[in-house]
Amino acid sequence: MRETPTWRIPIGIISLFVFLIVYGVVIARYAPDIIGGWPGWAQTIVYLILGLIWLLPLKRFLIWMETGSWSPPPSPPEEPAPGE
């Protein structure tokens, strides 16, 4: 765990906030034009998928904010249990 703050945390939070606003505005602007005539159940499925799809890159983004690398750090080797 790091003991000093880094610039990645505030920049990451601001970037995430801006991205979510832009993503939401784009979806709110263009999705109704595309799927407005579809049945309600189909629109519900599309909006659920669009509402969850932004979570896909979130794990790597949070790892970057914490470590500065886009991939997770290697896990430490497991120690053998006592008596083995």
Side-chain angles (χ1 to χ4, degrees):
M1 179 123 174
R2 84 183 127 48
E3 296 179 15
T4 58
T6 70
W7 60 271
R8 290 185 308 272
I9 303 286
I11 295 299
I13 291 171
I14 291 168
S15 300
L16 181 61
F17 187 65
V18 169
F19 169 76
L20 288 175
I21 289 174
V22 170
Y23 180 73
V25 168
V26 168
I27 297 302
R29 169 64 184 98
Y30 295 107
D33 294 341
I34 297 170
I35 66 172
W38 296 8
W41 62 269
Q43 290 183 38
T44 301
I45 292 171
V46 169
Y47 280 118
L48 282 172
I49 291 169
L50 291 173
L52 295 173
I53 202 163
W54 66 272
L55 293 170
L56 293 175
L58 189 60
K59 179 180 177 183
R60 288 194 181 263
F61 187 72
L62 292 175
I63 289 171
W64 172 80
M65 284 174 51
E66 191 64 32
T67 66
S69 172
W70 290 103
S71 57
S75 58
E78 293 185 23
E79 294 183 24
E84 287 186 15

When you group the ILVMFWY residues by side-chain heavy-atom contacts below 4.5 Å and let the links chain together, are Phe61 and Val22 in the same group?
no
Tell me whether Leu52 is reachable from Ile35 by hopping between hydrophobic residues (I, L, V, M, F, W, Y) whose side-chain heavy atoms are closer than 4.5 Å.
yes
Just how far is it from atom OG of Ser71 to atom CD1 of Ile63, taken to the nearest 0.5 Å?
7.5 Å
Set out, in order, the CA-CA distance, both residues' side-chain angles and the distance that settles side chain to side chain contact (heavy atoms under 4.5 Å, CB included) for Ile13 and Met65, then state yes or no.
CA-CA 9 Å; Ile13 291 171; Met65 284 174 51; 3.8 Å; yes
Any side-chain heavy-atom pair from Ile9 and Glu66 closer than 4.5 angstrom?
yes
Measure the spacing between OG of Ser15 and CZ of Arg8 and express it to the nearest 0.5 Å.
12.5 Å
Give, for atom CH2 of Trp38 and atom OG1 of Thr44, the distance between the pair rounded to the nearest 0.5 Å.
12.0 Å
Do Leu55 and Ile53 belong together in a cluster built from hydrophobic side chains that touch within less than 4.5 Å?
yes
To the nearest 0.5 Å, what is the distance between CH2 (Trp64) and CH2 (Trp70)?
6.0 Å
In terms of hydrophobic clustering (I, L, V, M, F, W, Y; side-chain heavy atoms under 4.5 Å; direct or indirect links), are Ile27 and Ile45 co-clustered?
no
Do Val46 and Ile34 come within less than 4.5 Å of each other through their side chains, counting heavy atoms only?
no
So, Tyr23 side chain and Val18 main chain: donor-acceptor pair closer than 3.5 Å or not?
no
Are Tyr47 and Leu56 connected in the hydrophobic side-chain network, where two residues link if heavy atoms are under 4.5 Å apart?
yes
